Number of protein chains: 2
Amino acid sequence: MGGRAVRIVKRVQDGESTGQDRGQCLHDLIREDIVEGRLEPGARLKTAELAKRYGTSTNPVREALHHLQGEGIVIISPNRGARVRPISEDFVRNIYEIRALIEPYLVRWFVNYATDREIEALEILQRDIDENRSDYQWYWQANEQFHNIIYGRHYNQEAVELEFQQRKVLHILTRRYAISRARWQAITREHWDIIEAIKRHDADEAARVMEQHVRGACQHLIEQMRAASVNKALHRP
Amino acid sequence: MGGRAVRIVKRVQDGESTGQDRGQCLHDLIREDIVEGRLEPGARLKTAELAKRYGTSTNPVREALHHLQGEGIVIISPNRGARVRPISEDFVRNIYEIRALIEPYLVRWFVNYATDREIEALEILQRDIDENRSDYQWYWQANEQFHNIIYGRHYNQEAVELEFQQRKVLHILTRRYAISRARWQAITREHWDIIEAIKRHDADEAARVMEQHVRGACQHLIEQMRAASVNKALHRP
DNA sequence: GATTGACACCTTGTGTATAATTTAGCAAGG
DNA sequence: CCTTGCTAAATTATACACAAGGTGTCAATC
């Protein structure tokens with residue numbers, strides 16, 4: 001009886017986390033590992049293994065897994081455990097088609113309620129993106145900021161959160177692939193077109209360009225996925 | 001050591017559930033209790049209480065709660081437990097605005113790929129709905145079937161699932177309020193207009209009516225909420 | 001070669017201990 | 001006398017160790 005208590009106290013004294021703090025954001029840690037590619041799509045997520053990895057017991061892991069299932073990143077089958085969601089081409093297309101509805105809807109509001117300050121921030125950010133094409137890590141951060149400025153103050157936080165979750169899921173894939181030169185040019189053009197439309201308070205045009213922007217991203221990602229799968233097939237015949 | 005094992009064996013012999021089977025659908029049970037109004041919006045969801053209620057231990061309850069959080073029905077604050085999501089007017093408006101994007105998108109596909117059999121099923125169903133206006137319980141079931149026929153075979157299952165989840169959340173509210181006579185007429189008319197548009201393979205018209213249908217539902221629900229809150233204020237001055 | 005049985009792994013549920021929060025009760029000050 | 005602050009106890013969430021059942025795999029036998 002006393003033995004267990006002593007072990008726990010010892011662990012706390014050793015300076016390890018009590019687990020309590022970690023538990024709140026364990027799903028964030030796991031999600032990060034998934035998004036960053038340290039856990040491959042389709043990989044089994046064994047509770048004991050993850051517990052060891054993050055220095056907790058299996059129970060918080062199970063809860064985090066259920067949480068991530070809600071976000072669509074993890075799939076749990078009864079008595080068979082959890083896996084990282086395998087992302088198919090169909091899935092990508094489906095998600096992007098929803099985004100093609102949501103993002104134009106969100107940007108329409110911004111066109112009418114953007115402050116001069118925000119527009120200026122967008123321009124500065126986009127100029128930075130133009131100049132730092134080489135730095136990937138940085139691009140994704142800047143791109144996220146670009147979207148956050150546009151969507152952050154929108155009244156429909158449910159829609160914003162939906163868009164954010166979709167972006168997280170897709171980021172599992174996008175970060176793995178390079179961005180083609182043609183796509184870079186398109187992104188640049190589209191971003192500037194959106195900024196222009198916002199400046200002119202032309203909601204229809206902004207929505208139109210945004211939809212085009214989303215569809216372009218979708219097509220580019222699917223092309224990259226196909227190219228990668230061809231490469232894989234060639235290397236493993 | 002042996003004592004616990006004996007207890008468990010005894011319990012199984014007594015014919016109680018091993019718990020294993022329940023766990024798969026515990027979140028369904030809790031969701032049902034929430035949707036059916038047995039658990040009020042904003043009510044605290046204490047794990048011990050729920051565990052007793054469903055005859056399990058606290059752990060499966062926690063997992064179910066995390067799952068439901070992913071569905072947006074439950075809100076969990078760290079170290080403070082879970083609550084049934086309090087549904088505000090803003091929230092309703094936000095969800096319906098998303099639905100006003102998704103549902104027209106979904107119906108467009110159906111217009112092009114509906115079979116004669118499906119269209120006939122819609123007509124039969126709607127005639128039944130027209131004739132049984134009085135029966136609420138039945139109406140919601142029939143209405144669900146009506147939508148399931150239109151959305152069930154859509155290729156974008158992600159969008160379908162999103163729509164389904166939103167419907168579940170809104171149903172927590174809608175079932176509490178009556179449907180006004182005016183709204184009944186509108187529903188009937190809109191449903192028939194949608195069926196007509198589908199028959200003519202007029203996707204634009206079907207989408208237009210569907211959007212109107214969603215916005216009408218939104219407005220009606222919000223009016224009912226306001227009326228209810230006024231009543232509440234009068235009865236508790 | 002196919003089927004069946006046994007074994008190992010893993011998920012799932014339970015009980016208990018620990019840590020956090022909330023609430024109440026009480027005291028001191030306005 | 002009421003309000004405000006703190007302290008302690010009850011309440012509740014959280015984490016951990018354990019037990020049991022299910023799933024998949026591998027080998028042996030028909």
Side-chain angles (χ1 to χ4, degrees), chain A residues 1-30 39 42-69 74-84, chain B residues 1-30 39 42-69 74-84:
Chain A
M1 277 286 190
R4 183 153 60 192
V6 169
R7 269 210 306 280
I8 292 169
V9 169
K10 183 174 179 297
R11 192 173 303 162
V12 172
Q13 286 174 341
D14 284 349
E16 283 186 30
S17 163
T18 59
Q20 205 89 0
D21 320 305
R22 286 268 192 84
Q24 299 173 13
C25 55
L26 185 56
H27 54 262
D28 289 322
L29 290 175
I30 297 177
L39 295 168
R44 282 196 68 174
L45 297 168
K46 304 173 190 176
T47 52
E49 195 178 294
L50 292 174
K52 205 169 68 181
R53 181 180 189 132
Y54 301 106
T56 66
S57 95
T58 59
N59 217 325
V61 172
R62 272 157 55 182
E63 280 165 29
L65 254 31
H66 275 273
H67 186 101
L68 291 172
Q69 185 188 31
V74 158
I75 291 187
I76 300 178
S77 328
N79 290 327
R80 286 206 204 168
R83 309 182 92 92
V84 180
Chain B
M1 275 286 192
R4 184 151 59 191
V6 169
R7 270 210 306 280
I8 290 169
V9 169
K10 184 174 180 297
R11 191 173 305 162
V12 172
Q13 287 174 340
D14 284 349
E16 284 187 29
S17 163
T18 60
Q20 204 92 2
D21 321 304
R22 284 268 192 84
Q24 298 174 12
C25 52
L26 184 56
H27 53 261
D28 289 322
L29 289 175
I30 297 177
L39 296 169
R44 286 194 66 175
L45 298 168
K46 304 174 188 177
T47 53
E49 193 177 298
L50 293 175
K52 205 170 67 179
R53 181 180 189 130
Y54 301 107
T56 66
S57 107
T58 59
N59 216 328
V61 171
R62 285 165 63 81
E63 281 167 29
L65 252 31
H66 275 271
H67 186 100
L68 292 172
Q69 185 187 32
V74 157
I75 290 187
I76 300 178
S77 323
N79 290 325
R80 283 211 206 166
R83 308 184 90 94
V84 180

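Residue numbers start from 1 in every chain, and the chains themselves are labelled A, B, ... in the order their sequence lines are given, proteins ahead of strands. Predicted, not measured: the structure shown is a model, and the values here were computed from it.
When base pairs are accepted only as Watson-Crick or G-U wobble with both N-N or N-O distances under 3.5 Å, DNA chain D takes part in stems of 3 or more pairs at C:1-30 with D:1-30.
Here D:dA17 presents its P atom at 15 Å from NZ of A:Lys52, a figure rounded to the nearest Å. Rounded to whole Å, atom C1' of D:dA15 lies 12 Å from atom NE2 of B:His66. Rounded to an integer number of Å, the gap from CG of A:Leu65 to P of C:dC10 is 14 Å. The nearest whole Å value for the distance from the CD atom in B:Glu63 to the C1' atom in D:dA15 is 13 Å. Separating the CZ atom of A:Arg83 from the C1' atom of C:dT11 is a distance of 13 Å, rounded to the nearest angstrom. The nearest whole Å value for the distance from the OH atom in A:Tyr54 to the P atom in D:dC16 is 15 Å. Note: CG (A:Asn59) to P (C:dT18) measures 17 Å, nearest angstrom.
Counting only heavy atoms from C-beta outward, the side chains of B:Leu26 and B:Leu29 approach each other to under 4.5 Å.
Within the 4.0 Å cut-off from OP1 or OP2 of C:dT22, at least one side-chain nitrogen or oxygen of B:Arg80 is found.
Screening residues 46-60 of chain A for salt bridge (charged side-chain N to carboxylate O under 4.0 Å, His left out), with sequence neighbours left out, gives A:Asp33-A:Arg53.
For B:Arg80, there are no salt bridge (Lys or Arg N to Asp or Glu O under 4.0 Å) partners, not counting sequence neighbours. In this structure A:Arg44 satisfies the salt bridge (Lys or Arg N to Asp or Glu O under 4.0 Å) test with no other residue, sequence neighbours excluded.
In this structure, the nucleotide among C:dT14, D:dA15, D:dT23 sitting nearest to the side chain of A:Asn79 is D:dT23.
Remark: the B:Arg62 side chain and the C:dG13 base include no donor-acceptor N/O pair separated by less than 3.5 Å.
Within residues 42-50 of chain B, the residues that place at least one heavy atom under 4.0 Å from DNA chain D are, in residue-number order, B:Arg44, B:Leu45, B:Lys46, B:Thr47.
Rounded to the nearest 0.5 Å, atoms CG (A:Leu45) and CD1 (A:Ile30) are 7.5 Å apart.
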Validation: residues 59-68 of chain A side-chain donor-acceptor distances under 3.5 Å, sequence neighbours left out:
residue : atom : partner : partner atom : Å
A:Asn59 : OD1  : B:Asn59 : ND2          : 3.0
A:Asn59 : ND2  : B:Asn59 : OD1          : 3.4
A:Arg62 : NE   : B:Glu63 : OE2          : 2.8
A:Arg62 : NH2  : B:Glu63 : OE2          : 2.8
A:Glu63 : OE1  : B:Arg62 : NH2          : 2.8
A:Glu63 : OE1  : B:His66 : NE2          : 3.4
A:Glu63 : OE2  : B:Arg62 : NE           : 2.7
A:Glu63 : OE2  : B:Arg62 : NH2          : 3.1
A:His66 : NE2  : B:Glu63 : OE1          : 3.3
A:His67 : ND1  : B:Gln69 : OE1          : 3.0
A:His67 : NE2  : A:Glu71 : OE2          : 3.4

